[in-house]
Amino acid sequence: MRHQCCYLLAYQCFKPTDDRKLDTEACVRVVLRNKNLGLDQYRFLLQTMINSGLGEETYGPRNVLAGREESPTLEDAHSEMDELMFDTLDKLFAKTGVSPTEIDILIVDVSLFSPSPSLTARIVNRYKMRDNIKSFSLSGMGCSASMVAVDLVQHLFKTYKNSFAIVVSTETIGPHWYCGKEKSMMLSNCLFRSGGCSFLLTNRSSLKNQALLKLSHAVRTNIGSNDEAYGCCMQIEDEQGYQGFLLTRSLTKAAAKAFTLNLKVLVPKILPIRELLRFAIVSFYKSKSKSSTNESARAGLNLKTGIDHFCIHPGGRAVIDGLGISLGLSEYDLEPARMALYRYGNTSAGGLWYVLGYMEAKKRLKKGDKILMISLGAGFMCNNCVWEVMKDLEDPNVWEDCLDRYPVSRKNLVNPYAEKYSWINDECLNFVRMD
């Protein structure tokens with residue numbers, strides 16, 4: 001049992017350089033370059049960006065900022081990955097003092113880019129890692145890939161004792177920027193931004209006192225057998241041949257179903273018996289009662305009896321709001337996810353670690369606290385895990401230079417799009433040809 005523990009020793013989120021910021025003016029330049037768009041699409045994009053929850057300081061890929069989104073090259077994809085992987089890994093090795101030659105397991109999860117040689121091979125070559133390293137490349141798993149990697153490491157640790165494992169979680173945005181006019185495919189351009197994280201795990205009990213977190217539980221749920229859930233989040237080509245990521249209206253339904261099934265397995269492992277008994281009794285009387293009052297409707301499980309912090313994937317404002325309502329969370333609980341979305345956007349698989357970084361920077365995480373990480377991804381999957389905080393954490397990490405400006409009140413979580421471009425909704429423009 002000693003060797004079946006999984007400890008998080010360190011994590012390093014990626015913070016791109018300022019020349020990659022996608023502020024309002026940069027976004028507008030990108031939109032205006034797309035000659036396939038008309039007034040209807042402009043109005044849709046304006047409303048989407050106003051409601052997105054993203055701020056002015058998110059980061060985009062270099063080829064898009066340079067105006068080459070319609071003709072990305074293989075080198076663009078590689079350079080985007082290299083910049084993130086090597087920057088975070090260099091800092092991770094320097095922070096922990098662990099040598100690259102000590103790494104036993106290497107996992108890279110990138111959904112939309114799977115080159116040959118693999119990205120894991122690229123890392124092994126760069127850092128001259130051992131020839132017996134166990135490397136894995138995960139693709140196609142979307143925003144939940146990071147938790148899939150954690151679960152994979154946990155299972156590998158049962159076989160490989162006294163090991164170090166590194167996981168790199170990110171996504172390549174540049175080569176997959178959508179240049180068409182389908183509204184359901186333009187959503188990804190509005191939400192996804194550049195970012196990611198590398199983190200170091202171990203099962204060495206001798207390093208327990210150096211660990212930040214200890215993995216308590218990990219539960220994965222995949223409802224891909226349901227056709228509607230399988231197709232709600234998919235990479236396709238539109239009628240004009242433009243490749244992009246389709247997000248359908250059934251996404252929220254699939255997410256709710258997957259999340260519910262996941263909690264059915266996870267909840268009995270994390271909540272105290274008294275809370276489970278209370279819920280069973282309330283549910284029994286509720287089933288006997290013919291009336292459905294507001295009070296009985298609210299009589300659900302109280303996850304806060306077993307969880308102290310909720311690390312929700314910053315997939316979008318609607319995702320955060322929906323999970324907050326279904327779990328009965330306060331604005332304080334949702335603040336880290338909202339701020340991560342506002343500052344860094346939806347960085348796919350790496351997004352959870354920006355949320356964790358915010359919690360740590362704000363000195364919320366105290367020894368013994370329990371953290372629930374909630375991730376949803378294509379497939380459709382819901383992968384959640386629970387961590388125990390091993391010591392008081394207070395590293396400002398990638399939030400260091402802007403922490404004093406957060407939290408931003410929900411009333412002020414707005415971007416300048418409405419103020420600068422609300423004229424697009426003027427009815428007079430319906431009679432004007434857009435060139």
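Residue numbers run from 1 in the order of the sequence given.
Listed by chain and number, the residues in a salt bridge (Lys or Arg N to Asp or Glu O under 4.0 Å) with Arg405 are Glu57 (sequence neighbours excluded). Considering only residues two or more places apart in sequence or on other chains, Lys304 meets the salt bridge (Lys or Arg N to Asp or Glu O under 4.0 Å) condition with Asp333. When the side-chain hydrogen bond (donor to acceptor under 3.5 Å, both in side chains) test is applied to Thr48, no partner is found at least two apart in sequence or on another chain. Qualifying ring-ring contact (aromatic ring centres under 6.0 Å, His included) partners for Phe164, counting only residues two or more places apart in sequence or in other chains: none. Not counting sequence neighbours, the partners of Phe113 by the ring-ring contact (aromatic ring centres under 6.0 Å, His included) test are His78. Listed by chain and number, the residues in a side-chain hydrogen bond (donor to acceptor under 3.5 Å, both in side chains) with Ser216 amount to none (sequence neighbours excluded). Legend: residues meeting side-chain hydrogen bond (donor to acceptor under 3.5 Å, both in side chains) with Tyr342, ordered by chain and number and at least two apart, are absent. In this view, Asp18 and Lys21 satisfy the salt bridge (Lys or Arg N to Asp or Glu O under 4.0 Å) rule, not counting sequence neighbours. Scanning for side-chain hydrogen bond (donor to acceptor under 3.5 Å, both in side chains) contacts around Arg33 gives Glu69, with sequence neighbours left out.
Thr202 contributes atom OG1, which lies 9.5 Å from atom CD of Gln210 (distance to the nearest 0.5 angstrom).
For Ser116 (side chain) and Ser118 (main-chain N/O), no donor-acceptor pair under 3.5 Å exists by modelled atom type. When atom types are taken as modelled, the side chain of Asn203 and the backbone of Asn162 share a donor-acceptor pair closer than 3.5 angstrom. Side-chain N or O atoms of Asn262 include one that pairs as donor or acceptor with a backbone N or O of Cys382 at under 3.5 Å. Of the possible polar contacts, one joining the Ser111 side chain to the Gly142 backbone as a donor-acceptor pair under 3.5 Å is found. A donor-acceptor pair is defined here as one N or O able to donate and one able to accept, closer than 3.5 Å; such a pair exists between the side chain of Ser375 and the backbone of Asn383. In this structure, Ser52 contributes its side chain and Met49 its backbone to a donor-acceptor pair below 3.5 Å. Between the Asn226 side chain and the Ile223 main chain, no donor and acceptor come within less than 3.5 Å of each other. Within the 3.5 Å criterion, the main-chain N or O of Ser99 finds a donor-acceptor partner in the side chain of Glu102. Under the 3.5 Å distance criterion, the side-chain polar atoms of Asp321 are left unmatched by any main-chain donor or acceptor of Ala318. Counting only distance, with no hydrogens or angles, the side chain of Arg193 and the backbone of Gly60 share no donor-acceptor pair below 3.5 Å.
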Check the pair Asp395, Lys363 against salt bridge (charged side-chain N to carboxylate O under 4.0 Å, His left out), reporting the backbone distance first and the verdict last. CA-CA 8 Å; Asp395 182 4; Lys363 302 180 181 180; over 6 Å; no
Residue pair Thr347, Glu171: steps toward the side chain to side chain donor-acceptor pair (under 3.5 Å) verdict: CA-CA 7 Å; Thr347 55; Glu171 188 55 89; over 6 Å; no
Take Ser194 and Arg20, measure what side chain to side chain donor-acceptor pair (under 3.5 Å) needs, and give me the verdict at the end. CA-CA 9 Å; Ser194 298; Arg20 291 180 59 181; 3.2 Å; yes
Tell me, with the steps shown, if Tyr127 and Phe93 meet ring pair (Phe, Tyr, Trp, His ring centres under 6.0 Å). CA-CA 11 Å; Tyr127 294 100; Phe93 290 132; 5.3 Å; yes
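The closest side-chain heavy-atom distance from Tyr7 to Leu212 is not below 4.5 Å. Put simply, the side chain of Lys128 does not reach to within 4.5 Å of the side chain of Pro100, judged on heavy atoms.
For residues 357-399, the pairs satisfying ring pair (Phe, Tyr, Trp, His ring centres under 6.0 Å) are Tyr344-Trp399, Tyr358-Trp399, Trp399-Tyr406, with sequence neighbours left out. Among pairs with a residue in residues 210-224, those fulfilling salt bridge (charged side-chain N to carboxylate O under 4.0 Å, His left out) read Asp151-Arg220, at least two apart in sequence or across chains.
Defined by atom type and a distance below 3.5 Å, a donor-acceptor pair is missing between the side-chain atoms of Asp82 and Ser79. Side chain to side chain, Lys95 and Gln12 meet the donor-acceptor criterion of an N or O pair below 3.5 Å.
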Side chains of residues 228-236: which donor-acceptor pairs under 3.5 Å do they make with residues two or more places apart or in other chains?
residue	atom	partner	partner atom	Å
Glu228	OE1	Lys253	NZ	3.3
Gln235	NE2	His176	ND1	3.4
Gln235	NE2	Gln243	OE1	2.9

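Remark: Arg364 is positioned above the aromatic ring of Tyr332, its terminal NZ or CZ atom under 6.0 angstrom from the ring centre and at most 45 degrees off the axis.
None of Asn397, Thr88, Asp401, Asp87 except one satisfies the side chain to side chain donor-acceptor pair (under 3.5 Å) rule with Lys15; the exception is Asp401.
Considering all non-hydrogen atoms of both residues, Leu9 and Ala211 come closest at CD2-CA, 3.9 Å.
Aromatic rings from Tyr42 and Tyr421 are positioned such that their centres are separated by 6.0 Å or more.
Between Arg126 and Asp90 there is a salt bridge, since a side-chain N of the basic residue sits under 4.0 Å from a carboxylate O of the acidic one.
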